[in-house]
A.B. asks: 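Mind looking over this structure? Questions follow.
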Protein chains: 2
Amino acid sequence: MSRQLDQVFAALADPTRRAILSMLLEDDMAVTDVAEPFEMSLAAISKHLTILAAAGLITQEKRGRVKWCKLEPDALKSASVWMQGFGQFEPVNLDAFEAFLERELGNGTGDMPES
Amino acid sequence: MSRQLDQVFAALADPTRRAILSMLLEDDMAVTDVAEPFEMSLAAISKHLTILAAAGLITQEKRGRVKWCKLEPDALKSASVWMQGFGQFEPVNLDAFEAFLERELGNGTGDMPES
DNA sequence: CTTATCGTCAACCAAACGGTTGAATATGGG
DNA sequence: CCCATATTCAACCGTTTGGTTGACGATAAG
């Protein structure tokens, strides 16, 4: 079903949500802590997290009164696979190939994607 | 700027627009021909094409009275790069590696991504 | 028990989205 | 010149989105 794809891409279309995902790359976080750096109400962030969870990009687990948010990078796979279909008619992309190797073989810098 | 990323992901979030991109994988098309398989007005498709063009995913060139639409797969690169950042903490992904090799070395099947 | 904290819910709002229809603007063909 | 074709424009419409605020339920702390 393409609804999954709809949800993933729609979730990624918002810069606040991409920033949240970037934050969660570093570590799991409580909802309040996710909200802290944003100039926006907690309720708004809570909604963004719901959207990210619906898209499968994060999971949320309540422990005590705090709800922990965890990145689920696998959810990007379907979207990534779909996108890669559009690269296949380009001339062989050696830059991407090198980048891929570097990443996969552990020589990456660990740089965070820009938010 | 992340506005480019906003536009690309938002453009990809709509199944009609993804279907259009898939069609353009095969060949350049005129607006009317793009619209033909959809149960939707020509004006609606014209709007979708405008959105795809604004995101840089296609370009449009007017020759005579017909406007040709051309896929621009490079526009996916920024989005793809951003997404790949979230895969780098997974254990080495050999499936993706193989798929990458197959694609880049010309043994791909040419399968279209699902719309 | 009382109070503070964590997070969501509900109602509301303005703006954007995805679609329609009908008119308008090229451009090409007979 | 006249007509058909290709595409966009403009106005409109219902729904969704991204945000606000205030009240609320659950849990932890004193």
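Proteins come first, then strands; the chains are lettered A, B, ... in the order of their sequence lines, and each starts at number 1. The structure presented is a predicted model; accordingly, all values stated were derived computationally and were not measured.
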A.B. asks: Test: side-chain hydrogen bond (donor to acceptor under 3.5 Å, both in side chains). Region: residues 50-62 of chain A. Which pairs qualify, not counting sequence neighbours?
C.D. replies: Thr59(A)-Glu72(A), Glu61(A)-Arg63(A)
A.B. asks: Which heavy atom of Met40(B) sits nearest a heavy atom of Thr16(B), and at what distance?
C.D. replies: CE-OG1, 3.7 Å
A.B. asks: Starting from Ile51(B) and following side-chain heavy-atom contacts under 4.5 Å between hydrophobic residues (I, L, V, M, F, W, Y), which residues can be reached?
C.D. replies: none
A.B. asks: What pair of heavy atoms forms the shortest contact from Leu21(B) to Ile58(B), and how long is it?
C.D. replies: CD2-CG2, 3.8 Å
A.B. asks: Applying side-chain contact (heavy atoms from CB on, under 4.5 Å) to Phe9(A) and Arg17(B), what does each step give before you reach the verdict?
C.D. replies: CA-CA 12 Å; Phe9(A) 282 129; Arg17(B) 287 191 291 262; over 6 Å; no
A.B. asks: For every nucleotide of nucleotides 19-30 of chain D, 5' to 3': is a protein heavy atom under 4.0 Å from its base (B), only from its sugar-phosphate (S), or from neither (-)?
C.D. replies: BBB-----BS--
A.B. asks: Expressed as a whole number of angstroms, how long is the span from Asp28(B):CG to dA6(D):C1'?
C.D. replies: 17 Å
A.B. asks: Check the distance between dA6(D)'s P and Leu49(B)'s CG and give it to me in whole angstrom.
C.D. replies: 15 Å
A.B. asks: Name the first nucleotide and the last nucleotide along DNA chain C (5' to 3') that come under 4.0 Å of a heavy atom in chain B.
C.D. replies: dG18(C) to dG28(C)
A.B. asks: Tell me the interatomic distance from Glu61(B), atom CD, to dT8(D), atom C1', rounded to whole angstroms.
C.D. replies: 18 Å
A.B. asks: Check whether Arg18(B) reaches the backbone of Trp82(A) with its side chain - one donor and one acceptor, N or O, closer than 3.5 Å.
C.D. replies: no
A.B. asks: Please find the pair of heavy atoms, one from Ala75(A) and one from Gly56(A), that lie closest to each other, and give the distance.
C.D. replies: CB-O, 3.1 Å
A.B. asks: In whole Å, I'd like the distance from the CD1 atom of Ile45(B) to the P atom of dC9(D).
C.D. replies: 16 Å
A.B. asks: Which residue pairs pass the side-chain hydrogen bond (donor to acceptor under 3.5 Å, both in side chains) test with at least one member in residues 30-42 of chain A, sequence neighbours excluded?
C.D. replies: none
A.B. asks: Work out which heavy atom in Ala11(A) is nearest to a heavy atom in Leu57(A); give both atom names and the distance.
C.D. replies: CB-CD1, 3.7 Å
A.B. asks: Given atom CZ of Phe9(B) and atom C1' of dT17(D), what is their separation to the nearest angstrom?
C.D. replies: 18 Å
A.B. asks: Should Met23(A) and Phe38(A) be marked as a side-chain contact (heavy atoms from CB on, under 4.5 Å) after you check the CA-CA gap, both sets of side-chain angles, and the distance that decides it?
C.D. replies: CA-CA 12 Å; Met23(A) 291 165 59; Phe38(A) 296 96; 3.7 Å; yes
A.B. asks: Tell me the closest heavy-atom pair linking Cys69(A) and Val31(A), and the distance in Å.
C.D. replies: SG-CG2, 4.0 Å
A.B. asks: With axes from five pairs an end, tell me the bend angle of the helix from dG7(C)-dC24(D) to dG30(C)-dC1(D), nearest 10°.
C.D. replies: 20°
